Amino acid sequence: MGDVWAPSKRLTDVAPSGIRVIFDRAAALENAGHRVVHFEIGRPDFDTPRHVKDAAADALAAGHVHYSSNWGIPPLREAIAQKLAHDNAVRYSPDDEVIVTVGANEAVLLAILATIDPGEEVVIPTPTWPHYAECVRLAGGHPVFVPLDPTDGYALRAEAVVAALTPRTRMVVVCSPNNPTGAVVAAEDLTTIAKRLSGTRILLLADDIYESLVYDDVRHTCAASIPDLRDRTLVVGGLAKSWAMDGWRLGWLAGPRELVRWALRVRQYTTVCPPTFLQYGAVAALRGDQEPRLAMRREFGQRRAAALRRLAGQDLLRVTRADGAFYLYARYDPHLPPAQQLALDLLERQHVAVVPGPSFGPGQDHAIRIAYSCSLSDVEEGLTRMLNYLSDLAPASAA
Ligand code: PMP
């Protein structure tokens, strides 16, 4: 029967989701009555703001229960285009340059399936959110991983990207603020990348899903707002992280119409449209009171500050500044067990769930991602448990 159950050849290179192992084991421990600190899930622990839920409920009650246009409902496309113009200084037509997607995930998939041919290369700075590479493999393309420097805060430097370009390069991925490092790309690096891409057919995929989660005085720059990049950039965004709407599965893809129309072609034969009445909720999020979003960001900022305070003055877990998103990416002593093992040990013995570095690309064997999207007390408690565990291990490894 083996052949009957064989996956398509396209799928054989696509890796299963690494984070699932931790996730499932954490759930099993919880079912057995243990209190687990969840540093593994990149998901706000807040409820979706009330006025957003009400708008979706009203739309459902009003009978918005049918397919919408493949592009999404017009008022939401308009709200997204206006948000991009206002917050990101880049203009798109709501008629044919913005697609409402089933989460930012779908936006990434549409962008890649619409543009990448078998054999083409996509430059992905690492550590990285794993989906880009797997979507590239689904398209038959080759991810080209570019390691970023931890001593430089994993900053995406133009030189590193430029050095990875070849005649086969079709796309460069920029995720800022970054999952898993929290690093925010500098406008100067985008400008340098723009110069180098000029005259080529290389696209830029700008994943801005964490754009509004930046702390202190840091500012996010949308790659498409760099004048020479606008026409070769596909912008991915969404409501999951900043609006606590991950389960709504709503995001967007925006770009020049010449590219976006191909993404729409994929959409027509896959998801068709996101649930129509939920799209009305998203209009309320983008157009209505922004205070709930800002309050959540303040709360994340406090958790981040608490985590950085707890980790200051020790070097068991070495973290970088992480100006955005809700992650800290920590390196630890390479004499200690590799991250896959350490993550399992931390879970079994300390009931702290983290994601091991290898989920985020090659060469990440002694690093873990800590998501501070849980309560302030869990942040403190989880880090204390981890540091205690590591300090018990450290002398043994040194011996
Ligand atoms: N991009 C990045 C960098 C992410 O971390 C995530 C979610 N983990 C997504 C996209 C997908 O977001 P959504 O839930 O909107 O599909």
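As the structure lists them, so they are numbered: ligands from 1, and atoms in each ligand from 1. The analysis underlying the following values was restricted to heavy atoms, covering all of them including side chains, and did not include hydrogens, waters or symmetry mates. Since we're looking at a predicted model, the values are computed, not measured.
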Run the contact test for [X] against ligand 1 with a 4.0 Å cut-off on heavy atoms, strictly below, and give the result.
X: G42; value: no
X: E106; value: no
X: G238; value: no
X: Y132; value: yes
X: K241; value: yes

Hey, what's the ring geometry for H351 with H34, parallel, tilted or perpendicular (30° and 60° as the breaks)?
tilted

Over 60° means perpendicular and under 30° means parallel, so tell me whether W129 and Y132 are parallel, tilted or perpendicular.
perpendicular

How close does the nearest protein non-hydrogen atom get to [atom], and which residue and atom is it?
atom: atom 6 (C) of ligand 1; value: W129 CZ2, 3.5 Å
atom: atom 11 (C) of ligand 1; value: N105 ND2, 3.2 Å
atom: atom 3 (C) of ligand 1; value: D207 OD2, 3.4 Å
atom: atom 14 (O) of ligand 1; value: R249 NH1, 2.7 Å

Hey, does R10 have a side-chain heavy atom less than 4.5 Å from the side chain of V14?
no

Nearest heavy-atom neighbours spanning L317 and Q314
O-NE2, 2.8 Å

I'd like to know whether R249 forms a salt bridge (Lys or Arg N to Asp or Glu O under 4.0 Å) with E106, so could you lay out the CA-CA distance, the side-chain angles of the two residues, the decisive distance to 0.1 Å, and finally the verdict.
CA-CA 9 Å; R249 314 304 309 124; E106 190 199 7; over 6 Å; no

Nearest heavy atom to atom 12 (O) of ligand 1 wins, so pick from P180, S176, A325, A104.
A104

Considering only heavy atoms of A240, which atoms of ligand 1 have at least one such atom less than 4.0 Å away?
14 (O), 15 (O)

Within the 4.0 Å heavy-atom shell around C175, which atoms of ligand 1 are there?
3 (C)

Using the rule side chain to side chain contact (heavy atoms under 4.5 Å, CB included), only one of V136, I116, I202, V123 pairs with R170; which is it?
I116

side-chain hydrogen bond (donor to acceptor under 3.5 Å, both in side chains) pairs touching residues 233-243, sequence neighbours excluded, are Y210-K241

CG (L204) and CE (M171) are apart, to the nearest 0.5 Å, by 8.5 Å

